[in-house]
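The structure displayed is predicted, hence computed values, not measured ones.
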Amino acid sequence: MPRVLVLYVRWVEALNYRIGRMAMYLLFVLAGVLLWSTIAKAFFRPPLWTQEMAQFTMVGYFVLGGAYALQMGANVRMDLIYTRWDLRRRAMVDAVTVLAMIFFLSVVLYGGIDSTLYALDIGERSRTVWRPYMAPIKIVICTGVFLMILQSVAFLIRDIAFLRGEKI
């Protein structure tokens with residue numbers, strides 16, 4: 001494999017590993033928001049921002065951790081037939097299915113960018129009482145989808161290298 005592709009795979013996997021490890025800590029942020037919500041509802045006036053903030057935090061955790069989950073193989077896979085195949089057949093099937101995943105994620109990213117630009121253009125806000133701006137969470141979603149596309153391309157490069165008899 002060309003050195004630039006090997007460097008790409010290593011760079012993308014290092015980036016997604018670091019971002020995924022940082023995204024894990026968003027669960028603590030989520031727990032803090034939900035704890036404050038519970039305490040405030042019991043003893044004070046219920047805050048307007050906690051439900052939406054919990055949703056935004058969960059979206060960030062889920063989307064920014066998506067590429068990391070792909071990298072670690074934590075995604076759900078139908079292993080009924082897949083595990084019976086030899087490694088070469090698995091790599092061929094993975095190379096085809098990753099193309100479908102790249103296409104799907106590209107469509108999602110295209111729509112996400114369009115929605116984000118709209119939110120930035122008009123200053124879109126949530127329709128709740130708290131009314132936070134929507135652009136920041138949409139930017140996080142687009143970033144997470146883009147990282148998943150980068151990881152999918154890295155998978156494709158690894159599968160092609162394996163089929164060529166090379167290891168990355």
Side-chain angles (χ1 to χ4, degrees), residues 1-35 52-117 119-120 132-168:
M1 292 304 289
R3 180 160 172 74
V4 68
L5 293 180
V6 173
L7 290 174
Y8 170 83
V9 170
R10 290 188 181 147
W11 179 81
V12 165
E13 290 187 346
L15 176 70
N16 284 332
Y17 182 82
R18 285 183 181 92
I19 291 174
R21 298 296 284 189
M22 287 189 303
M24 279 196 259
Y25 293 105
L26 288 175
L27 278 180
F28 294 112
V29 174
L30 176 64
V33 169
L34 293 174
L35 178 65
E52 239 171 339
M53 192 63 186
Q55 290 171 347
F56 290 167
T57 304
M58 190 62 190
V59 166
Y61 167 76
F62 179 76
V63 175
L64 292 176
Y68 176 76
L70 284 173
Q71 182 182 14
M72 295 294 124
N75 54 316
V76 177
R77 178 183 299 223
M78 292 299 295
D79 286 340
L80 187 64
I81 301 170
Y82 187 83
T83 54
R84 296 180 185 173
W85 292 338
D86 62 354
L87 294 178
R88 187 163 179 75
R89 179 177 283 187
R90 287 185 201 176
M92 285 189 288
V93 170
D94 285 346
V96 171
T97 57
V98 80
L99 289 173
M101 184 166 60
I102 291 168
F103 174 75
F104 171 75
L105 290 170
S106 298
V107 171
V108 170
L109 183 61
Y110 177 78
I113 290 171
D114 189 44
S115 179
T116 303
L117 292 175
L120 288 168
Y133 286 102
M134 296 303 293
I137 193 63
K138 291 182 178 191
I139 291 170
V140 168
I141 291 169
C142 289
T143 302
V145 171
F146 181 70
L147 291 172
M148 284 188 264
I149 290 172
L150 293 178
Q151 186 63 51
S152 300
V153 172
F155 282 160
L156 181 62
I157 293 169
R158 278 190 181 276
D159 290 334
I160 291 170
F162 181 82
L163 291 171
R164 293 179 60 186
E166 301 172 26
K167 186 171 170 107
I168 296 179

So Met101 and Leu70, do their side chains get closer than 4.5 Å, heavy atoms only?
yes

> Under a 4.5 Å cut-off applied to non-hydrogen side-chain atoms, are Phe103 and Val107 in contact?
Replying inline: yes

Side chains of Leu109 and Phe146, heavy atoms from C-beta outward: is any pair under 4.5 Å?
yes

#### Entry: Worked check of side chain to side chain contact (heavy atoms under 4.5 Å, CB included) between Leu147 and Tyr68
CA-CA 9 Å; Leu147 291 172; Tyr68 176 76; over 6 Å; no

State, yes or no, whether a side-chain contact exists between Val153 and Val12 at a heavy-atom distance under 4.5 Å.
-> no

_Between Ile102 and Phe155, is the side chain to side chain contact (heavy atoms under 4.5 Å, CB included) condition met? List the steps._
CA-CA 10 Å; Ile102 291 168; Phe155 282 160; over 6 Å; no

Checking the side chain of Ser115 only, and the main-chain atoms of Gly111 only, is there a donor and an acceptor separated by less than 3.5 Å?
no

Sorted by chain and residue number, the ring pair (Phe, Tyr, Trp, His ring centres under 6.0 Å) partners of Tyr110 (sequence neighbours excluded) come out as none

Can you confirm whether more than 12 heavy atoms, excluding those of Tyr133, are under 6.0 Å from its OH atom? no

Correct closest heavy-atom pair for Arg90 and Trp85 would be NE-O, 3.2 Å

- Task: Would you indicate whether the side-chain heavy atoms of Leu27 and Tyr61 approach each other to under 4.5 Å?
- Result: yes

Q. Do Gln151 and Asn16 have side-chain atoms, one donor and one acceptor, less than 3.5 Å apart?
A. yes

*Any side-chain heavy atom of Arg18 within less than 4.5 Å of one from Arg21?*
no

- Task: Please tell me if the side chains of Phe62 and Leu26 come closer than 4.5 Å, counting only heavy atoms from C-beta onward.
- Result: no

| message | When you compare the side chain of Pro132 with that of Phe56, does any pair of heavy atoms fall below 4.5 Å? | response | yes

Val63 vs Val59, side chain to side chain contact (heavy atoms under 4.5 Å, CB included): CA-CA, chis, key distance, verdict = CA-CA 6 Å; Val63 175; Val59 166; 4.2 Å; yes

In terms of heavy-atom contacts, Val98 and Ser152 come closest through CG2-O, 3.3 Å

